[in-house]
Amino acid sequence: MPKAETTTGTDIEAKLIAAEQRYFDFIHNSLEGIWRFELDEPIPTSLPLSKQLKLVFKGAYLAEANDAMAKMYGLESADQIIGARLSDLMDKNAPQNIQYFKAFIASGYNLQGKESEEVDVNGNKKYFLNSLVGVIENDAVIRAWGTQLDVTPQHQTTEALKQSQERQIG
């Protein structure tokens, strides 16, 4: 009969430290932007869509991100973008962003593969392909976790092709 292993508090602590280091390495080395937005106050899911949109832009701030995300905005490290308000990164009046948040809410706060239109630190327009999930407690959104991939080069290529075709026709 095999001998049963005894797990000590020190063993558990070492396993937790190792797991935390693996998590950190995974997030830090990812090529995708990985983020967590928190809200100043929970947003009840029962509110009308327009009210939820207004509150998200008013109260959402970036609480956690990796360096890959910061670089997408023209920064060197996550420390430089942590604390940014959603309204600093995203135009609340851009039709694409309104549709983005409407889709997020309509999906039950779980959205995959939806584009947003944002700006970097130099005011340049950026496009990101996002996957995100909202955390709901007591029928209110309290935070969202997600990933994003910079698809700006694809948009620029498409726009250049469109302009070239218009010149040829015109």
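Throughout, residue positions are numbered sequentially from 1 according to the sequence presented.
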Hey, quick one: are [X] and [Y] part of the same hydrophobic cluster, counting side-chain heavy atoms closer than 4.5 Å, chains of contacts allowed?
X: Y61; Y: L75; result: no
X: L55; Y: Y100; result: yes
X: I82; Y: M69; result: no
X: V133; Y: I105; result: no
X: L47; Y: L49; result: yes

Under 4.5 Å between any side-chain heavy atoms of [X] and [Y], yes or no?
X: W35; Y: L132; result: yes
X: F37; Y: V56; result: no
X: D40; Y: R85; result: yes

Can you tell me if [X] uses its side chain to pair, donor with acceptor, with the backbone of [Y] under 3.5 Å?
X: N130; Y: K114; result: yes
X: T157; Y: P153; result: yes
X: D120; Y: N122; result: yes
X: Q163; Y: A160; result: no

Just verifying a value: how many Å separate [X] [atom1] and [Y] [atom2], rounded to the nearest 0.5 Å?
X: I34; Y: E64; atom1: CD1; atom2: CD; result: 9.5 Å
X: S50; Y: K102; atom1: OG; atom2: NZ; result: 9.0 Å
X: L31; Y: K71; atom1: CG; atom2: NZ; result: 10.0 Å
X: D88; Y: E118; atom1: CG; atom2: CD; result: 11.5 Å
X: N97; Y: E115; atom1: CG; atom2: CD; result: 10.5 Å
X: L161; Y: E166; atom1: CG; atom2: CD; result: 10.0 Å

Distance-minimising heavy-atom pair for [X] and [Y]:
X: G33; Y: M72; value: N-CE, 3.2 Å
X: S77; Y: D67; value: CA-OD1, 3.4 Å
X: I81; Y: A65; value: CG2-CB, 4.3 Å
X: F101; Y: M90; value: CE1-SD, 3.3 Å
X: A78; Y: A70; value: N-CB, 3.7 Å

## Note on the structure
So the ring pair (Phe, Tyr, Trp, His ring centres under 6.0 Å) pairs with at least one residue in residues 110-133 (sequence neighbours excluded) are Y73-F128, Y127-H155
Indicate whether any N or O donor in one side chain lies under 3.5 Å from an N or O acceptor in the other, for [X] and [Y].
X: D150; Y: Q148; answer: no
X: S30; Y: E32; answer: no
X: D11; Y: T8; answer: yes

### Task
For side-chain contact (heavy atoms from CB on, under 4.5 Å), just list the numbers for N124 and T152, CA-CA rounded to whole Å, side-chain angles, deciding distance to a tenth of an Å, and then say yes or no.
CA-CA 10 Å; N124 299 312; T152 305; over 6 Å; no
### Query
Step by step, would you call E20 with L16 a side-chain contact (heavy atoms from CB on, under 4.5 Å)?
CA-CA 6 Å; E20 186 174 302; L16 286 172; over 6 Å; no
### Task
Return the set of residues passing ring pair (Phe, Tyr, Trp, His ring centres under 6.0 Å) with Y109 (not counting sequence neighbours), or none when no residue passes.
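Applying ring pair (Phe, Tyr, Trp, His ring centres under 6.0 Å) to Y109 gives F104.
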### Message
With a 6.0 Å cut-off (strictly less than), is the heavy-atom count around CD of E76, excluding the residue itself, greater than 12?
### Response
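Result for CD/E76: open.
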### Query
Near E41 CD, under 6.0 Å, is it more than 12 heavy atoms from other residues, nucleotides or ligands?
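No, the 6.0 Å shell around CD holds no more than 12 heavy atoms from other groups.
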### Task
Output, in order, the C-alpha distance, side-chain angles, deciding distance and verdict of side-chain contact (heavy atoms from CB on, under 4.5 Å) for D91 and V119.
CA-CA 8 Å; D91 179 359; V119 293; over 6 Å; no
### Message
Could you go through V141 and T45, starting from their C-alpha distance and side-chain angles, then the distance that decides it, and tell me whether this counts as side-chain contact (heavy atoms from CB on, under 4.5 Å)?
### Response
CA-CA 7 Å; V141 181; T45 57; 3.9 Å; yes
